[in-house]
Undergrad: 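Could you have a look at this structure, given as C-alpha cells, before my questions?
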Amino acid sequence: MVENPQPRSLCFRFAVRYTRAVTAGTNAQLSSARSLPVEAATTSLPGIGPTLAQKLAERAIHTVEDLVWLVPRRYDDARNIAPLGQVIDRIRREAAGDDSGARVTCAGQVLSCRFHRRGSRRWIELRLGDTEAPPAGGQAAQIIIRWFNAHPNMAKKMARESRLSVSGRVVRRGHHAEMANPDILELISPAGRVLQRAATIIPRYSDIAGVPAAKLRRARSAAIDRVDGGLVEGVPQSVCAELGLVSLRDAVISLHSPPDSLSIEEVALLNQGKSEWHRRLVFEEFFVLGLAIARRRKARTAEKALPCPCPPDRDSALAGALPFALTGGQKRAIAAISADLTGTVPMNRLLQGDVGSGKTAVAFAAAHQAVSAGRQVAFMAPTELLAEQHFGTLDRWCSALGIRAALLTASTPKSARRSLFRAMDTGYLQLAVGTHALLSEGVQLPGLGLVIVDEQHRFGVAQRVELRQKSAAATPHLLVMTATPIPRTLALTAYGDLDVTVIDEMPPGRTPSVTLVLSGVTGRERAHALVRQCLARKERVFVVCPLIEPGQDEIRKDWADATSTAARLASTFAPARVGLVHGRMAQADRDGVMQEFRSGGLDILVATTVVEVGVDVPEATVMVILDAHHFGLAQLHQLRGRVGRGGGPSHCLLMTRKSTTPEGQRRLAAMAEISDGFRIAEEDLAIRGPGELLGVRQAGLPALRFGDLRQHGELLVKARDAAERVLADDPELSRPEHAMTRRALHTRTAGLAIYGAESG
Ligand code: ADP
Ligand code: MG
C-alpha cells in the first residue's frame, strides 16, 4: 500500500461535476431571477466550441464565471526591468550549475536577429546584448533567445540596435545563457519609437491541456468583460461592509488586471496569493460553504428521534460493569452524548479519541442509556476481527448489567443466524455487535434507537443510511468513533455537520512509546537488539512495510516489502515464529493470522498498513516501521498506537535511509518528538495539506478552489460565523438583499461533499 496523493484539481472536478448534476432541479426555482452574462456556458464565449468546452469542463470550468474565477497563477512586474548584465550576473551567482531555469525579466540591445527555417521547423534566433559597456577587456553579456514557430515578420520588427525587454526562463548551455519563447514586454526601434509595450504588472495564467493558449486568452478576456454585467456575490453587502471586504467583482477584476500603482510589496503578496483580493475570494468560498453546512445541519435537526432519557442509576451501573474508573475525558464525552440521547433531535456526533483513550467504554455507556430506554443498539465495526474484539469486551460488561448482546458477522453459522434474526426482530436482543453483516437483508431492528460506528473512515455513508433504515420508527441517534485526530479547521469543514467530542485524556499508567528514528548499519543493529530483547521477554513485534511485494517500478524498487521481509526475518530471528498479513489477502485469512498473533501463536507479525485500525494486542511492545518516510504522519501515529497497550514500556522504531528527503526527515523528527495525536494532525496538515490528510473523497472534505485550510483557518472561522449570523436573521435567504447569496448557495455548493450527507 502506498499513499496516493489526490491532486486538488481532481477533487474539485469531482465536486463540480456532481454539483451540475444535482443543481439542475434546484435551479428551476431560481429561474425567475434574470441570469447574468457570466452564468452562461463557456460555449457562449468566442472560439469555444463543444470540443474545447469539453476540455474546459475537464478542469471544472463549465460557465463563464468558472473561467473568471480562474485567476492568474503569478504576476510579472514589468515596470522595472533589470539590465541584462545584472540579471546574468545574478543567475551565475545564485545557481551555479543549476539548469532548472530561473525566470527573469531583463532588457538589452538587439545584436542580431534572424529567421530560420529547416524543413517544417521555423524559429527566430536573436542575440540580446547588455547595453552597459563591458568591463575592460571583457565581452558584453549576451543571451540567445529563440522563438519557435514564429512568423518571419516578427524578425523584421526586431532590427539590430532595437531595445528589447523580455521575460522568460533562462537556462545555461555551456558558456551561453539561453531563453526560449520569452514574452516581449517592450520593443523600441533604433530610432526610439515604441513598437510594443506592456509596462505594467502582467498576469500569468496556467495552461489548460488541450486548449490552445491563444484561444484561451481570447475567451478569458471576453469572459472578464462580462463581469461588468454582474457577478454572483455570495457575501451580502452588509457582511462586506461590516468586515471591510471589497466586492467580489472588484477583487476578480483586480486579480486579472492589477492596477499599475501597486507597490513592490503588494506585487509580492499578489504572487504569494495573499493579496486582499485573494482573501476576498477565499472568504467568498468559505462563506458559501458555511451557509451550506449550516443549512444541512438544520435539515437534519428537523428529523425526529426517540428520546432516551438517562437512567438515574447510570453512574453506579457503569462503575459496577467496568473494570476501571472512567477518566475525566471519558466522563465528559459520556455527558455530551447522554445529553444528545435525551433529546428528540437525532444525535450526529463524532467521538474523537487518540488510540487507547478508551472510546469503547464511552460507546458502552451510550448503549447502556439507549437500552435502558427500551431501544435497540447496533454497533458496527469495519472488520470481523474488530467486531469480535469489541464483542469480547462489550459482552463482559453487558452481562454485568443484564444487557442481551450478540455478535453477527459473515462467519456466524446459518443455524445461529436464524435465531439471531428472530431475537433482533422481536426486540429481545438489545445490542447487536457486528460488521457489514448487520446490513444484510434478514436483519430487522424495529426498536433501533442508536447506531454506533467504529472507525468511520472505512465506512460509507450509504451504509449508515441503510442501518438507519433498519429502524421501524424514528431516526436513530448516530455516534461515530475515530482515532484519527482532526484539526479544528478541518473538523469545521469536513465534519461541519457533526458535533465533535474529543476525549482529551489517556487512562492512567500509560507510558508513551519511545520513538526512535534509525538509519544505516548502526540503526539496523540497534533495531535488531531491541527486537531480540522483546522476544526474550516473550513479547511480540509488529513490522510494517510500505509495500506488499517487491516494487516493480523505478521509484519503488528499493522499498521494503512485507513478503520478502517476512522471509528474511524468519531466518534472522529463528526460531521466532513470523506471520504475514496484507491487504491483498482474503479478509478471513487476514483475520486468521491476526488472531494467531493476538493469541501468541506468532512472535513477529509482518504487515502492511492493514494493522492500522483498532487491533488490540497488549503483549506487542515493539513496532518497527520500515522505510517509515513513505508513510504519512497520521498513519505513523496510528501504527505507533498499536504498541504500548499493555501498560509497560514500548518502542516504535522508524527505520529510514540517510538519503531521505528533508520533508521526510521533518516528518519522522516530528513523530519522534510529538506523542499527542492532535499536534501530529496539525503538523501533518501543515506538511501535506488537508486533501492527503483525510483522503478527500473518503472523508467528505469539500474541495476548495481557493481556501487552504493550512493558512486560512482564521478566515474560515470568520466566514462561518458570518454565514450563521446571516442565516439566523433570514433562514430561507428570502429577503431581496440576499437574492445573490441564495443563488450562490444553490449553484456553488449543492454537490459539495459534506460529511453526514452524500459523502462517504
Ligand atoms: P480506543 O478504542 O479509544 O483506542 P479502547 O476503548 O480499546 O481504546 O481502550 C484501550 C484500553 O484501555 C483497553 O484495554 C481498555 O480496557 C483500557 N481502558 C479504557 N478506559 C480506561 C480507564 N478509564 N482506565 C483504565 N483503562 C482503561
Ligand atoms: Mg477502538
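What you see is a predicted model; the values in this text were computed from it and never measured. In this chain, numbering begins with 1 at the start of the sequence shown. Remember, it's 1-based here, ligands and their atoms both numbered in the order they're listed.
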Undergrad: In terms of residue, atom name and distance, what is the protein heavy atom nearest to atom 22 (C) of ligand 1?
TA: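 Here the nearest protein heavy atom works out to Phe324 CD1, 3.2 Å.
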Undergrad: Considering the heavy atoms of Pro507, write down every atom of ligand 1 situated less than 4.0 Å from one of them.
TA: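 Taking each heavy atom of Pro507 in turn, ligand 1 has 20 (N), 21 (C), 22 (C), 24 (N), 25 (C), 26 (N), 27 (C) under 4.0 Å.
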Undergrad: Can you tell me which residue and heavy atom of the protein come closest to atom 17 (C) of ligand 1, and the distance to 0.1 Å?
TA: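 Nearest neighbour among protein heavy atoms for atom 17 (C) of ligand 1, to 0.1 Å: Arg510 NH2, 3.9 Å.
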Undergrad: Any N/O of Gly358 closer than 3.5 Å to an N/O of ligand 1?
TA: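 Yes, since at least one N or O of Gly358 sits under 3.5 Å from an N or O of ligand 1.
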Undergrad: May I ask you to identify the nearest protein heavy atom to atom 20 (N) of ligand 1, giving residue, atom name and distance to one decimal place in Å?
TA: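 So the nearest neighbour among protein heavy atoms is Gln330 NE2, 2.9 Å.
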Undergrad: Salt bridge check: are Asp454 and Lys359 linked by an N-O gap of less than 4.0 Å?
TA: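 Judged by the 4.0 Å cut-off on N to carboxylate O distance, Asp454 and Lys359 do not form a salt bridge.
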Undergrad: With atoms numbered from 1 as shown, which atoms in ligand 1 lie under 4.0 angstrom from a non-hydrogen atom of Ala325?
TA: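 Here the atoms of ligand 1 in question are 22 (C), 23 (N), 24 (N).
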Undergrad: So, Glu596 and Arg577, do they make that salt bridge, N to O below 4.0 Å?
TA: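 A salt bridge is absent here (no side-chain N lies under 4.0 Å from a carboxylate O).
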Undergrad: Which word best sums up how the rings of Phe364 and Trp397 line up, parallel for under 30°, tilted for 30 to 60°, or perpendicular for over 60°?
TA: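 Rings of Phe364 and Trp397: perpendicular, over 60°.
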Undergrad: Check Ala560 against Thr565 and note the closest heavy-atom contact, atom names and distance.
TA: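 What the structure gives for the nearest pair is CB-OG1, 4.4 Å.
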Undergrad: Just to confirm my output: which protein heavy-atom neighbour is closest to atom 3 (O) of ligand 1, and how far is it?
TA: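 Its nearest protein heavy-atom neighbour is Lys359 NZ, 2.7 Å.
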Undergrad: How far is atom 5 (P) of ligand 1 from its nearest protein heavy atom, and which residue and atom is that?
TA: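 Checked against all protein heavy atoms, atom 5 (P) of ligand 1 sits closest to Thr360 OG1, 3.5 Å.
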Undergrad: Atoms of ligand 1 less than 4.0 Å from Ser357 heavy atoms?
TA: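 Once the distances to Ser357 are compared, the set is 3 (O), 8 (O).
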Undergrad: Within the supplied structure, the quantity of interest is the number of heavy atoms (other residues, nucleotides, ligands) at a distance under 6.0 Å from Arg532 CZ; does it exceed 12?
TA: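 Buried by this count: over 12 neighbours within 6.0 Å.
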Undergrad: Under 4.0 Å, heavy atoms only, figure out whether ligand 1 is touched by the backbone of Thr393, its side chain, both or neither.
TA: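 No part of Thr393 comes within reach of ligand 1.
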Undergrad: For atom 4 (O) of ligand 1, find the nearest protein heavy atom and state the residue, atom name and distance (0.1 Å precision).
TA: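 In this structure, atom 4 (O) of ligand 1 has Gly356 N, 2.6 Å as its nearest protein heavy atom.
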Undergrad: Pull out every atom of ligand 1 sitting under 4.0 Å from any heavy atom of Thr327, numbered as shown with elements.
TA: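 That gives atoms 23 (N) of ligand 1.
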Undergrad: Assess the side chains of Glu505 and Thr327: does a donor N or O sit below 3.5 Å from an acceptor N or O?
TA: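 Note: Glu505 and Thr327 side chains miss the donor-acceptor criterion.
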Undergrad: Under 4.0 Å from atom 13 (C) of ligand 1, can you find at least one protein heavy atom?
TA: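 Given the 4.0 Å cut-off, atom 13 (C) of ligand 1 does not count as touching protein heavy atoms.
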Undergrad: For atom CZ of Phe324, decide whether the heavy atoms of other residues, nucleotides or ligands shown that lie under 6.0 angstrom number more than 12.
TA: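 Count over threshold, so yes.
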Undergrad: Over all heavy atoms of both residues, which pair between Ala366 and Leu341 is shortest? Give the atoms and the distance, please.
TA: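 Scanning both residues, the minimum pair turns out to be O-CD1, 3.7 Å.
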Undergrad: Could you tell me whether the side chain of Thr563 and the main chain of Ile548 form a donor-acceptor pair under 3.5 Å?
TA: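 Pair found, side chain donor or acceptor close to backbone of Ile548.
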